[in-house]
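Remember, predicted model here, so these are calculated numbers, not experimental data.
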Amino acid sequence: FRRVLFRSDGDPVSLSNWFLLHAEVLSQFRDFQRADQWLRKAEAIAPNDPRLWCVRARVLAAEDLYDDALAAAQLAVDLGPTHVPAVQEAAYRLMQSNRDEEALGLLMRATKELESGDVIMQLASLHSELGDHEQAWECYSQVESHYPLLEPAMAKMLAARRSDAAYDCGRMDEAVEYARQARTPFH
């Protein structure tokens, strides 16, 4: 199994990704010393890969080193401004650092440059958290067009979010309709 998964055919990014997987698994077991060793191996191969810095941010956050995690996530965005996971990681770390307005700005810029339903969902969630329910509603209304192959589980989750946003905006008929589509015990 390892030989099949490990075959990189000389591609440094594939090898780096293998090392990053090791680091993430080790960090989940709170073996940060060994996780850092694998991160350094990945960095030696592909130092400018935004994925490296996203993983490093998650490992650092798992160690409760939130400022360092934010710096790593911001470097990921600097290296890959159109790399969706980098944008999402940086926005999350900004929110974790109570820098919601910066996270909002980053996500708003990203939605103009990227066609990512995931980024729009994160932006909608942040708008909702900040009490800007109309903006959350607008974002949730745009999400479906960014998922051309929307799977049933995602469609239900999106309907639930749209139901909540409609309710928060006082649109009760729409809230009820989306709640029916969500088919969850809560909705």
Side-chain angles (χ1 to χ4, degrees), residues 13 20 24 46-62 64-175 177-179 181-182 184 186-187:
V13 173
L20 294 174
E24 284 217 80
N48 296 323
D49 184 356
R51 284 174 289 226
L52 162 70
W53 298 99
C54 288
V55 172
R56 187 177 291 280
R58 288 191 293 274
V59 171
L60 289 165
D64 299 328
L65 300 172
Y66 300 114
D67 291 339
D68 295 337
L70 175 57
Q74 288 176 316
L75 181 55
V77 171
D78 291 344
L79 293 170
T82 59
H83 185 69
V84 171
V87 169
Q88 290 191 281
E89 188 70 35
Y92 180 74
R93 298 297 159 207
L94 284 165
M95 290 184 286
Q96 193 175 42
S97 300
N98 293 319
R99 294 166 62 178
D100 294 339
E101 292 303 319
E102 290 175 69
L104 195 62
L106 174 63
L107 291 169
M108 289 174 75
R109 284 189 304 277
T111 58
K112 293 176 184 164
E113 297 172 19
L114 306 172
E115 294 183 17
S116 170
D118 292 342
V119 171
I120 296 171
M121 287 283 284
Q122 190 173 5
L123 177 61
S125 179
L126 180 55
H127 277 305
S128 182
E129 188 176 312
L130 295 175
D132 192 349
H133 302 298
E134 286 295 331
Q135 283 298 315
W137 170 255
E138 290 300 319
C139 289
Y140 285 130
S141 297
Q142 297 171 21
V143 168
E144 196 167 351
S145 67
H146 290 82
Y147 289 110
L149 301 174
L150 190 64
E151 295 193 13
M154 180 65 170
K156 287 180 181 181
M157 188 272 299
L158 179 57
R161 296 261 178 102
R162 290 175 88 172
S163 175
D164 294 343
Y167 178 85
D168 290 337
C169 291
R171 299 176 175 160
M172 296 307 153
D173 291 340
E174 289 168 292
E177 178 56 35
Y178 285 116
Q181 292 175 25
T184 67
F186 177 79
H187 292 90

(request) Please round to the nearest 0.5 Å and tell me the distance separating atom CD of Q122 and atom CG of L107. (result) 5.0 Å
(message) Quick check for you: to the nearest 0.5 Å, what is the distance between L158 atom CG and S163 atom OG?
(response) 11.0 Å
(request) Mind listing the closest non-hydrogen atom pair of L60 and A72 along with its distance? (result) CD1-CB, 4.2 Å
(message) Does atom CD (E102) have a neighbourhood of more than 12 heavy atoms from anything else shown, all under 6.0 Å?
(response) yes
(request) Could you tell me whether the side chain of S125 and the main chain of M121 form a donor-acceptor pair under 3.5 Å? (result) no
(request) Using salt bridge (charged side-chain N to carboxylate O under 4.0 Å, His left out) as the criterion, list what pairs up with R51, not counting sequence neighbours. (result) D49
(request) Over all heavy atoms of both residues, which pair between L79 and P50 is shortest? Give the atoms and the distance, please. (result) C-CG, 4.4 Å
(message) Testing the basics here: between A86 and V77, what is the closest heavy-atom pair and its distance to 0.1 Å?
(response) O-CG2, 3.3 Å
(request) Would you mind telling me which of R99, Q96, E89 makes a side chain to side chain contact (heavy atoms under 4.5 Å, CB included) with L70? (result) R99
(request) To the nearest 0.5 Å, tell me how far E134 CD sits from D168 CG. (result) 10.0 Å
(request) First locate atom SG of C54, then atom OH of Y92, and finally report the distance between them rounded to the nearest 0.5 Å. (result) 14.0 Å
(request) Show your reasoning for whether side chain to side chain donor-acceptor pair (under 3.5 Å) applies to D68 and Y66. (result) CA-CA 5 Å; D68 295 337; Y66 300 114; over 6 Å; no
(request) Check whether any side-chain N or O of W53 sits under 3.5 Å from a backbone N or O of P47 as a donor-acceptor pair, and report yes or no. (result) yes
(message) Which heavy atom of A136 sits nearest to which heavy atom of A124, and what is that distance?
(response) CB-O, 3.5 Å
(message) Enumerate the side chain to side chain donor-acceptor pair (under 3.5 Å) contacts for residues 103-121, please, sequence neighbours excluded, ordered by first and then second residue.
(response) D118-Y147
(message) Do M108 and Q135 have side chains that approach each other closer than 4.5 Å (heavy atoms only, starting at C-beta)?
(response) no
(request) Compute whether any side-chain donor of one residue and acceptor of the other, for E177 and Q181, lie under 3.5 angstrom apart. (result) yes
(message) To check you understand the geometry: which heavy-atom pair defines the closest contact between A46 and L52, and what is its length?
(response) O-CD2, 3.8 Å
(message) Heavy-atom count check: over 12 atoms from other residues, nucleotides or ligands less than 6.0 Å from D173 CG?
(response) no
(request) Can you see which heavy atom on A91 is nearest to which on A103, and at what distance? (result) O-CB, 3.6 Å
(message) Once side chain to side chain contact (heavy atoms under 4.5 Å, CB included) is applied, do any residues pair with A166, and if so which ones, sequence neighbours excluded?
(response) W137, R171, E174, A175
